[in-house]
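In listed order, ligands and their atoms are each counted from 1.
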Amino acid sequence: MTTAAVLELRGVSKAYGSLLAVDGVDLRVERGERRALIGPNGAGKTTLFDLVGGRSRVSGGRILLDGADVTTMEEHRRARRGIAKTFQHSNLFDGLSVLDNVAIAVQHHAGVARRVLRPAARETAVTDRADGLLATVGLGDVAGATAGALSHGERRQLEVAIALATEPQLLLFDEPVAGMSPAESRAFVGLVAELPAALTVLLIEHDMDVVFAVASRISVLHAGRMLAEGTPEEVRASAGVQEAYLGGGSGEELFRAP
Ligand code: ATP
């Protein structure tokens, strides 16, 4: 018996009027994968992410999360089942400390469990967990700073800690390094490498240096269809992929060596 993939798309389509933004896409992402979704502008990447996260509904096909059909499930219920998204909108409390931002997320997620703990034990457990998450994303040293004082890259690291507080099984990154400095991008690559091995990551990213540094597999979307899938080496060597990018005018610089 094959085990269920963390995420599986079967013939997923999304139509906007007569435009098929996503056109019969099959995708299988296994536990612990670092999967990148790439493709020229307008390929359908964001549309596909929104279908997975539940922000919009498919026009056809099915979406399975850990073997369960979530195709028609509301966005917040998918989140509870383990899909976390970052970088769509910044939802930080700028006036609160970095630690408190994470502690609130931990506490919110703990929900029922925390009610059975005595208040003091509860507070310690929440703070310990928040501290641990900040260490995971490399913000241990600035736990006491206010979130509003963080750099752009640090804010994104904090958003990852908040996403991790929900104990997701699938983490969706939408253009994580957009607007980051080269140093911040490198820090992000290091952060992904340090994430728990069982966590599954799906990211959309235009920066191919980051894609090749982070991804264990790459899926290439073109005009709504899955053009290719493979290891970074296979995708880099694919003539079809190069042609799609070059034909789309997105530039051969996408395939420069990392
Ligand atoms: P980019 O890399 O530029 O972000 P993308 O690969 O994420 O592009 P999408 O944003 O998913 O591509 O868009 C795919 C196609 O669907 C495009 O032709 C876009 O114009 C169209 N599209 C996206 N959202 C809508 C919408 N709400 N209504 C109509 N058309 C849409």
Under 3.5 Å, side chain of Lys14 to main-chain N/O of Arg57, donor-acceptor pair present? yes

Contacting atoms of ligand 1, where contact means under 4.0 angstrom from a heavy atom of Ala21: 15 (C), 16 (O)

Which bit of Leu19 is near ligand 1, meaning a heavy atom under 4.0 Å away: side chain, backbone, both or neither? side chain

Can you spot which of Arg80, Arg55, Lys85 makes a salt bridge (Lys or Arg N to Asp or Glu O under 4.0 Å) with Glu75? Lys85

Would Gly39 count as being in polar contact with ligand 1, using the rule that some N or O on each side must be under 3.5 angstrom apart? no

Which of the atoms of ligand 1 are close to Ala43, meaning less than 4.0 Å from one of its heavy atoms? 5 (P), 6 (O), 12 (O)

Does either side chain, that of His109 or that of Glu167, offer a donor lying less than 3.5 Å from an acceptor on the other one? yes

Exactly one of Glu234, Glu33, Glu229 clears side chain to side chain donor-acceptor pair (under 3.5 Å) with Arg217, and that residue is Glu229

Count the heavy atoms belonging to other residues, nucleotides or ligands that lie under 6.0 Å from CZ of Arg77, then report whether that count exceeds 12. no

Nearest-neighbour protein heavy atom for atom 17 (C) of ligand 1, which is reported as residue plus atom name and distance: Gly42 O, 4.0 Å

Establish, from distance only, whether the side-chain atoms of Arg35 and Ser219 form a donor-acceptor pair under 3.5 Å. yes

Which residue and non-hydrogen atom of the protein lie closest to atom 23 (C) of ligand 1, and at what distance in Å? Tyr16 CE1, 3.6 Å

Below 4.0 angstrom, counting only protein heavy atoms, does anything approach atom 7 (O) of ligand 1? yes

So if I count the atoms of ligand 1 from 1 in the order they appear, which ones are less than 4.0 Å from some heavy atom of Thr47? 9 (P), 11 (O), 13 (O), 14 (C), 23 (C)

Between Arg31 and Asp66, is there a salt bridge with N-O shorter than 4.0 Å? yes

A student checking ligand 1 against Thr46 at a 4.0 Å heavy-atom cut-off should list atoms 4 (O), 5 (P), 7 (O), 10 (O), 11 (O)

Side chains of Leu96 and Thr146: does their closest heavy-atom pair fall under 4.5 Å? no

Atom 3 (O) of ligand 1: closest protein heavy atom, distance to 0.1 Å, is Asn41 OD1, 3.2 Å

Atom CZ of Phe93 with >12 non-hydrogen neighbours under 6.0 angstrom: no

Is it true that Lys14 lies under 4.0 Å from ligand 1, counting heavy atoms only? no

Give the numbers and elements of all ligand 1 atoms closer than 4.0 Å to a heavy atom of His206. 2 (O)

Going by the closest heavy atom to atom 12 (O) of ligand 1, which one wins out of Gly44, Pro40, Gly17, Ala178? Gly44

Please list the nearest protein heavy atom to atom 2 (O) of ligand 1 with its residue and the distance rounded to 0.1 Å. Lys45 NZ, 2.7 Å

